[in-house]
Protein chains: 2
Amino acid sequence: MFVGCTHVAPPIRIGDKWTGKIIRCLETGPRRFSELQIPLAGITPKVLTETLRAMERDGLVTRTVYAEIPPRVEYELTPLGRTLLKPMAACCEWTEAHLPNLLDAREAYEHRASDPLQPAQPHKP
Amino acid sequence: MFVGCTHVAPPIRIGDKWTGKIIRCLETGPRRFSELQIPLAGITPKVLTETLRAMERDGLVTRTVYAEIPPRVEYELTPLGRTLLKPMAACCEWTEAHLPNLLDAREAYEHRASDPLQPAQPHKP
DNA sequence: CTGTATCCTCGCCGATACTG
DNA sequence: CAGTATCGGCGAGGATACAG
């Protein structure tokens, strides 16, 4: 699904593990299959193919095959895919600005939960 | 994870199924547990509790218990939680503007795949 | 009303090996 | 190089029942 989408809940692959990163990798231009594997450290060819196929299906990327040997395939963001860069930038800005706060809150919460002297509202006394 | 976050991959519950919707439900003010169940059609109490606990842990919502009978519990966005409204709005705008395009692309792709006369690049002839 | 406690399903994702 | 084919784990999330 697409994060923040309240009223519809279609199976749009944006909240999955890789789509967002792939979009950013393609931001500056077309990339080959093996080029994408580098920044997406650890992704298996199977999963990369699955994700790219889904993005192609949704009109977010184009897949261009060059009749060469060895074979070369390039993936590129479509205009529609490029429209996703804006909301994704907003999300990245949020992360840069507020992720430390969130992590602090999380740590404070853990301390509260494990501190027997100052338990705020322990649900497991 | 938080969608669009390339460089970090922390377990932030925003790309999950319900967190985004809950944030929007709390946008206009505090809501009770049972009030949240209405717009989040079909969510089970177990999952709603899990999601709210995770959000509380991350400092996105506060949980206030009123010593009444019957019991009343209200959830409200924290200032940190409210900072998420901006990127989420950007995401919602994208969906309103471009989701139809994506759905059209998907339908066109399916037709190409199933049409034996005009196969663009069938991977399964 | 506001949760807990179990059990279970389903599909994302990874590991590995193989192919044109 | 750019995939496909299989197998399998694991965890999010749902169904159901029960409790304070």
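Within every chain, numbering begins at 1; the chains are lettered A, B, ... in the order of the sequence lines, protein sequences first and strands thereafter. A quick note: this is a predicted structure, and the numbers were derived from the prediction, not measured.
Spacing between atom CG of A:L52 and atom P of D:dA2 amounts to 11 Å, rounded to whole angstrom units. In this structure, the CD atom of B:E56 is 13 Å from the C1' atom of C:dG3, given to the nearest Å. If you take CG of B:L48 and C1' of D:dA12, they are 15 Å apart, rounded to a whole angstrom. Straight-line distance from the CZ atom of A:R63 to the P atom of D:dC1: 16 Å, rounded to whole Å. In this entry the distance linking OH of A:Y66 with C1' of D:dG3 reads 18 Å, nearest Å. In this entry the distance linking CG of A:L36 with C1' of D:dG3 reads 13 Å, nearest Å. Regarding B:R72, its CZ atom lies at a distance of 9 Å from the P atom of C:dT2, rounded to whole Å. Between A:R31 atom CZ and D:dA2 atom P there is a gap of 13 Å when expressed in whole angstrom units.
Overall bending of the helix from C:dC1-D:dG20 to C:dG20-D:dC1, expressed as the angle between end axes built from five pairs apiece, is 50° (10° steps).
Rounded to the nearest 0.5 Å, atoms CZ (B:R24) and SG (B:C92) are 3.5 Å apart.
Within the 4.5 Å cutoff, side-chain heavy atoms of B:E56 are placed close to those of A:Y109. Within the 4.5 Å cutoff, the side chain of A:M55 has heavy atoms near those of the A:I22 side chain.
Across D:dG3, C:dG3, D:dC1, the shortest atom-to-atom separation from the side chain of A:S34 is found for D:dC1.
Side chain of B:R106 to main chain of B:N101: no donor-acceptor pair is present (N/O by atom type, distance under 3.5 Å, no hydrogens or angles). Judged by distance alone, with hydrogens and angles left aside, the side-chain atoms of A:R53 form no donor-acceptor pair with the main-chain N or O of A:L48 at under 3.5 Å. Panel note: side chain B:T51, backbone B:T19; no donor-acceptor pair is recorded below 3.5 Å.
Under 4.0 Å is where a charged nitrogen must lie from a carboxylate oxygen, and between A:R112 and A:E110 no such pair does.
Using modelled atom types, one finds no donor on one side chain facing an acceptor on the other under 3.5 Å when comparing B:R31 with B:Y75.
B:R53 has a side-chain polar atom (N or O) that falls below the 4.0 Å cut-off from OP1 or OP2 of C:dT4. In this structure, A:R32 does not reach the D:dC1 phosphate: none of its side-chain N or O atoms is under 4.0 Å from OP1 or OP2.
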Please output the side-chain donor-acceptor pairs of residues 33-47 of chain A that fall under 3.5 Å, not counting sequence neighbours, one pair per line with the distance.
unit_1 : atom_1 : unit_2 : atom_2 : d
A:E35  : OE1    : A:R32  : N      : 2.6
A:T44  : OG1    : A:V47  : N      : 3.4

Q. For every nucleotide of nucleotides 13-20 of chain D, 5' to 3': is a protein heavy atom under 4.0 Å from its base (B), only from its sugar-phosphate (S), or from neither (-)?
A. BBB----B
